[in-house]
Amino acid sequence: MVKKQSPLHVVGVSVLMVLLCSVNYSLCEKIKTYKLTRGSLSVTFTNYGAVMTSLLLPDRHGKQDDVVLGFDTVDGYKNDTTYFGAIVGRVANRIGGAKFKLNGHLYKTDPNEGRNTLHGGSKGFSDVIWSVQKYVPTSHITFTYDSFDGEEGFPGNVTVKVTYMLIGENKLGVKMEAKPLNKPTPINLALHTYWNLHSHNSGNILSHKIQLLAGKITPVDDKLIPTGEITSITGTPYDFLEPREIGSRIHELPGGYDINYVIDGPIGKHLRKTAVVTEQVTGRKMELWTNQPGVQFYTSNMMKRVVGKGKAVYEKYGGLCLETQGFPDSVNHKNFPSQIVNPGESYLHVMLFRFTAH
């Protein structure tokens, strides 16, 4: 027999929910999926992690394929350890020792990768429910999130906004914005999409050709924490100034590519061409521009038997990531571009993708 609840109990639960919602609105948000479509370009998202779940592109013959790795259900993203398609933050990439000093105060962040912090901690922006501020299916969608003071150890309240927008017939723009409300704080957001231009379930990306317009890298130690150096890629397997296959020298590296490139040209408000990726079988080409100083090139070296969309099994080298960003561990290296944003200032990160097929 089910015990009938008293009216006072029901009112109490309702009041509790209102209080919880007022403290953290995302607790009361429903998880949904959304689609943007224009011409032959179709992109889907979920407000869980502001994740890009799929992107359909035609090949040179007009055949559509999904070129983004991911899962069929939101539950897949909830249990994900690969960060498929997510917006990661408050600080993307790694913070060495899970700590940093700011204005004389030592902040300790969540050490979710050994002694270090990766992609914002155990519950970074990729694992929260975002609100949808605006949604126009033929144009754009804007997700928002209110990050609270002390979240994963980071100081201050921060409002965050991410807009995905279709531009023309074959471009996707991504605009990431953030504003600290009451304390200086590091901010470094990144889009963690895994690309395979043949199709998400076609095997590895080693035959893809890539050009990276970056002549330097920030070397790392065995825990992938930058040493603080900035070195030339000349004569090394990291040199992609001229287009070549990803797999052509990958055997010379321990595991594969997972390094921050220093994008050529002056840092400023203007977008700089960063990367060009081509896939020979389908003729698909993806070009990337950004206003950020760095781009993490990652070849999914640690991926092993991940069951994704349509029961596809993603293995090592199954996708490539191009995460435009501030340099990893910048909070602990004064010679790296600063990621500290003060109240009254704004963080702005722009990416522009152009897709073609020939």
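Below, all heavy atoms of this structure are taken into account, side chains as well, without hydrogens, waters or symmetry copies.
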N-O pairing of [X] and [Y] below 4.0 Å:
X    : Y    : value
K123 : E152 : no
D66  : K309 : yes
D65  : K63  : yes
K78  : D127 : no
E287 : K273 : yes

Is it true that a side-chain atom of [X] and a backbone atom of [Y] form a donor plus acceptor pair closer than 3.5 Å?
X    : Y    : answer
N116 : G96  : no
T37  : T138 : no
Y347 : P180 : no
Y164 : L36  : no
N112 : L118 : yes
D149 : N157 : no

Any chain of hydrophobic side-chain contacts (each under 4.5 Å) joining [X] to [Y]?
X    : Y    : answer
V43  : V162 : yes
W289 : F240 : no
Y83  : Y317 : no
W195 : V295 : yes
L55  : V281 : no

Without hydrogens or angle criteria, can the side chains of [X] and [Y] be said to hold a donor-acceptor pair below 3.5 Å?
X    : Y    : answer
T73  : D75  : no
T117 : R94  : no
R90  : S147 : yes
T53  : T46  : no
T274 : T290 : no
H200 : Y194 : no
N93  : Q325 : yes

Within the structure provided, determine whether [X] and [Y] are in side-chain contact (heavy-atom separation under 4.5 Å).
X    : Y    : result
Y238 : L253 : yes
I95  : F154 : yes
T163 : I141 : no
I263 : L213 : no
T144 : T159 : no
H140 : K134 : yes
I340 : L102 : yes
I230 : F336 : yes

ask   = Given the rule in the side chain to side chain contact (heavy atoms under 4.5 Å, CB included) test, do L172 and M52 qualify, once you have shown the distances and angles that lead to the verdict?
value = CA-CA 12 Å; L172 173 68; M52 182 196 303; 3.7 Å; yes
message = Assess the residue pair H208 and E245 against the criterion (side chain to side chain contact (heavy atoms under 4.5 Å, CB included)); give the C-alpha distance rounded to whole Å, side-chain angles, the decisive distance to 0.1 Å, and a yes or no.
response = CA-CA 5 Å; H208 283 50; E245 289 191 355; over 6 Å; no
message = Out of the candidates K285, Q280, E279, only one should pair with T282 under the side-chain hydrogen bond (donor to acceptor under 3.5 Å, both in side chains) rule; please name it.
response =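 Result: among K285, Q280, E279, E279 is the only option passing the side-chain hydrogen bond (donor to acceptor under 3.5 Å, both in side chains) with T282.
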message = Given T324, which partner from the list Q296, H349, R272, Q292 fulfils the side-chain hydrogen bond (donor to acceptor under 3.5 Å, both in side chains) test?
response =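 Of the listed options, the one satisfying the test is H349.
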query = Going through the distances and angles, do F125 and F143 end up as a ring-ring contact (aromatic ring centres under 6.0 Å, His included)?
reply = CA-CA 12 Å; F125 292 176; F143 297 103; over 10 Å; no
request  = May I ask you to check whether Y261 and F327 place their ring centers less than 6.0 Å from one another?
outcome  =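 No; F327 has its ring centre 6.0 Å or more from that of Y261.
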inquiry  = Please report whether the ring centroid of Y34 lies less than 6.0 Å from that of F45.
reply    =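 No, they do not, as the ring centres are separated by 6.0 Å or more.
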request  = Take the angle between the ring planes of F355 and F353 and call it parallel below 30°, perpendicular above 60°, tilted in between.
outcome  =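 Parallel: the ring planes of F355 and F353 meet at under 30°.
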message = Can you tell me how the ring of Y145 sits relative to the ring of W130, calling it parallel under 30°, perpendicular over 60° and tilted otherwise?
response =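 Ring orientation of Y145 relative to W130: tilted.
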key: Within residues 50-75 or reaching into it, pairs that qualify as ring-ring contact (aromatic ring centres under 6.0 Å, His included) - sequence neighbours excluded   =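 Every ring-ring contact (aromatic ring centres under 6.0 Å, His included) pair that includes a residue of residues 50-75, provided the two are not neighbours, is F71-Y77, F71-F84.
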inquiry  = For residues 218-227, which residue pairs pass the side-chain hydrogen bond (donor to acceptor under 3.5 Å, both in side chains) check, not counting sequence neighbours?
reply    =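 Checked against side-chain hydrogen bond (donor to acceptor under 3.5 Å, both in side chains) - neighbours excluded - the pairs reaching residues 218-227 are T218-N260, T227-E229.
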request  = Would you name the heavy atoms of R60 and A357 that are closest together and state the gap between them?
outcome  =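 So the minimum-distance heavy-atom pair works out to N-CB, 3.7 Å.
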query = At their closest point, which heavy atom of A312 faces which heavy atom of N201, and how far apart are they?
reply =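 Heavy atoms of A312 and N201 come nearest at CB-CB, 3.6 Å.
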key: Residues in salt bridge (Lys or Arg N to Asp or Glu O under 4.0 Å) contact with E252, at least two apart in sequence or another chain   =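 E252 satisfies salt bridge (Lys or Arg N to Asp or Glu O under 4.0 Å) with R249 once adjacent residues are dropped.
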message = Determine whether I233 and L241 satisfy the following criterion, side chain to side chain contact (heavy atoms under 4.5 Å, CB included), listing intermediate values before the conclusion.
response = CA-CA 9 Å; I233 48 88; L241 286 171; 3.9 Å; yes
request  = Dump the intermediate steps for side chain to side chain contact (heavy atoms under 4.5 Å, CB included) on T299 and I205, then the final yes or no.
outcome  = CA-CA 8 Å; T299 48; I205 43 79; 4.2 Å; yes
message = Quick check on side-chain contact (heavy atoms from CB on, under 4.5 Å): which of I246, L322, L288, N196 does V277 satisfy it with?
response =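 The residue from I246, L322, L288, N196 that satisfies side-chain contact (heavy atoms from CB on, under 4.5 Å) with V277 turns out to be L322.
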